[in-house]
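Report on one structure; see the data block that follows.
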There are 2 protein chains.
Amino acid sequence: MKEGPDIALIGSLIGDPARANMLTALMAGQALTPTELAAHAGITLQTASSHLAKLEAGGLLTQRKQGRHRYYALSEDEVGLMLESLMGFAASRGLTRHRPGPKDPALRKARVCYNHLAGDYGVRLLDSLVAARQIEVAGEDLALTDAGRDRIEALGIDYGALRKSRRPICRTCLDWSERRSHLAGSLGEALLTLFIDKGWAKRERDSRVVRFSDRGEKAFLELFPL
Amino acid sequence: MKEGPDIALIGSLIGDPARANMLTALMAGQALTPTELAAHAGITLQTASSHLAKLEAGGLLTQRKQGRHRYYALSEDEVGLMLESLMGFAASRGLTRHRPGPKDPALRKARVCYNHLAGDYGVRLLDSLVAARQIEVAGEDLALTDAGRDRIEALGIDYGALRKSRRPICRTCLDWSERRSHLAGSLGEALLTLFIDKGWAKRERDSRVVRFSDRGEKAFLELFPL
DNA sequence: CGGATGCTTCGACTACGATCGAAGTATGAA
DNA sequence: TTCATACTTCGATCGTAGTCGAAGCATCCG
């Protein structure tokens, strides 16, 4: 009828509270089963199953069968970016679903955004890499410089493996708490994995919060100065 | 209940086809009356009125009374950016509402994105300014350099006026057709206005298409080389 | 092979919201 | 003042989508 892409379909998928809760839960980056997602959304398994089918048909989720479990996850980085952008706007309107509690500051400090680090620390990470000219910015796109490649290889990240995947290595993602960009893409994912593997940070159970240890925090701040 | 902003409310607002049509129409940047928006959405005035009240309550729209007309517009740049991001995802899924016609290439070449230039030409504009070091990129944020300020003042844009407004002067906006960034913010708006004032380009009626004249196209391409 | 777990499908109920006609309010024109 | 236009509010109708119980598959375990 009118020109342009159909945003109503996507909007209505996100618009149902149960589905929105599931999507929010999946923003933590881990693949979850219908049973788990039903608990997150506060609905029965049957209803959850129907919602998940719709989300999958709409291209927001992908499904992986493993034994008698089915694991659902956001289908691609793009979905996470879009959701974070919605959250940014919702947060700016003061539309928060939760009573602000002790978790809130932790969430703003460091949290998982689909598969990479967001919050204060996520923003700092990108800023630091850009300041050190290890990442160059060109609009929405980021590019790893030669110095940047050396740097991440020194950290123990396999640059070749990142390159092989079809996803962009670097990518910006708008942070809803900081309202600035942080680092997404396969490099963002690899770095978060690195921090956790090194024992610098741990993910809190059933939450997006990333909790740094004292030692990890010190190492992170030294490694990525402003 | 759960942590994080409430995206369901925003989603459900966008999720209704009638409302989505109105929002899409308002992406053209002009403020429209309920009667006009009702026509765009294919509903009666009464229904439109109810939808508009909801969109305003949700913070997506603002309203300006002028005589016996009421003009609705997107409430801020942020809303346009969010919608464009949704369109990007919808387009990547092939969810387009329109039959691809002769208008489509024109739309991809140059169109209005709320209040600034998008499409191929919009992307080129930002790229050119960045290449000339008149804009510097730092994550999501853009900064006008001294050279950039001189440049836009030479073009006849009042830098002081841009500065006075509380909105950011430069800003990136993800382009759904090009899937790259173009220039938003008050400078983006001022530049589009400039192109139209100079007679280089005209906006097509009831459409987001921006049509450049031969002379205007030549001038634009010379002024903003890659 | 049972029996248990995880999930989907079916069917029926329910509630919410979109829709429009009719009536009410505001602004402008004659 | 009177009429017309632009819009909102009210009220009633109607559809659709979310919800869950019950039943049906699939997978794993002993």
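Below, all heavy atoms of this structure are taken into account, side chains as well, without hydrogens, waters or symmetry copies. In what follows, chains are A, B, ... by sequence order, proteins preceding strands, each numbered from 1. Bear in mind that the values here come from a model prediction, so they are computed numbers and not experimental data.
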(request) Answer yes or no: is there a side-chain heavy-atom contact under 4.5 Å between A:His182 and A:Leu117? (result) no
(message) So, taking the atom named CG in A:Leu55 and the one named OG1 in A:Thr62, what distance separates them when rounded to the nearest 0.5 Å?
(response) 11.5 Å
(message) Please report the distance, rounded to the nearest Å, between CZ in B:Arg64 and C1' in D:dA6.
(response) 16 Å
(request) Figure out the CD/P separation between B:Gln46 and C:dG24, and round it to whole Å. (result) 15 Å
(request) Nearest whole angstrom, please: distance from the P of D:dT5 to the CD of B:Glu36. (result) 17 Å
(message) For nucleotides 24-30 of chain D, give me one character per nucleotide, 5' to 3': B if any protein heavy atom sits under 4.0 Å from the base, S if the only such contacts are to the sugar-phosphate, - if neither.
(response) ---BS--
(request) Using atom CG of B:Leu45 as one end and atom P of D:dT8 as the other, report the distance to the nearest whole Å. (result) 7 Å
(request) Check each of B:Leu13, B:Asp16, B:Leu74 against B:Leu23 using the side chain to side chain contact (heavy atoms under 4.5 Å, CB included) test, and report the only one that passes. (result) B:Leu74
(request) Would you mind classifying the nucleic acid contact of A:Tyr71 as base, sugar-phosphate or nothing, using non-hydrogen atoms under 4.0 angstrom? (result) nothing
(request) For the side chain of A:Tyr72, starting at C-beta, report the closest nucleotide among D:dT8, C:dT8, C:dC20. (result) C:dT8
(request) Provide, to the nearest angstrom, the distance between the CG atom belonging to B:Leu32 and the P atom belonging to D:dA6. (result) 15 Å
(message) With heavy-atom distances below 4.5 Å as the criterion, would you say the side chains of A:Phe89 and B:Glu76 are in contact?
(response) yes
(message) Looking at C:dT19, I'd like to know if its phosphate oxygens (OP1 or OP2) sit under 4.0 Å from a side-chain N or O belonging to B:Thr47.
(response) no
(request) Please say whether more than 12 non-hydrogen atoms of neighbouring residues, nucleotides or ligands are located less than 6.0 Å from CG in B:Asp197. (result) yes
(message) Distance check needed: C:dC20 C1' versus B:Ile43 CD1, whole Å only.
(response) 11 Å
(request) Kindly indicate whether the side chain of B:Leu32, heavy atoms from C-beta on, has any atom under 4.5 Å from the side chain of B:His40. (result) yes
(request) Measure from CG on A:Leu37 to P on D:dG18 and round the result to the nearest Å. (result) 16 Å
(message) Can you identify which nucleotide, out of C:dG21, D:dG18, D:dT19, has its nearest atom closest to the A:Ala18 side chain?
(response) D:dT19
(message) Can you measure A:His51 atom NE2 to D:dT16 atom C1' for me and round it to whole angstrom units?
(response) 14 Å
(request) Answer with base, sugar-phosphate or nothing: what part of the nucleic acid does A:Ala53 contact at a heavy-atom distance below 4.0 Å? (result) nothing
(message) Can you identify which nucleotide, out of D:dC7, D:dT19, C:dT8, has its nearest atom closest to the B:Thr33 side chain?
(response) D:dC7
(message) Below the 4.0 Å mark, does D:dG18 have OP1 or OP2 next to a side-chain nitrogen or oxygen of A:Lys54?
(response) yes
(request) Please tell me if the side chains of B:His51 and B:Ile43 come closer than 4.5 Å, counting only heavy atoms from C-beta onward. (result) yes
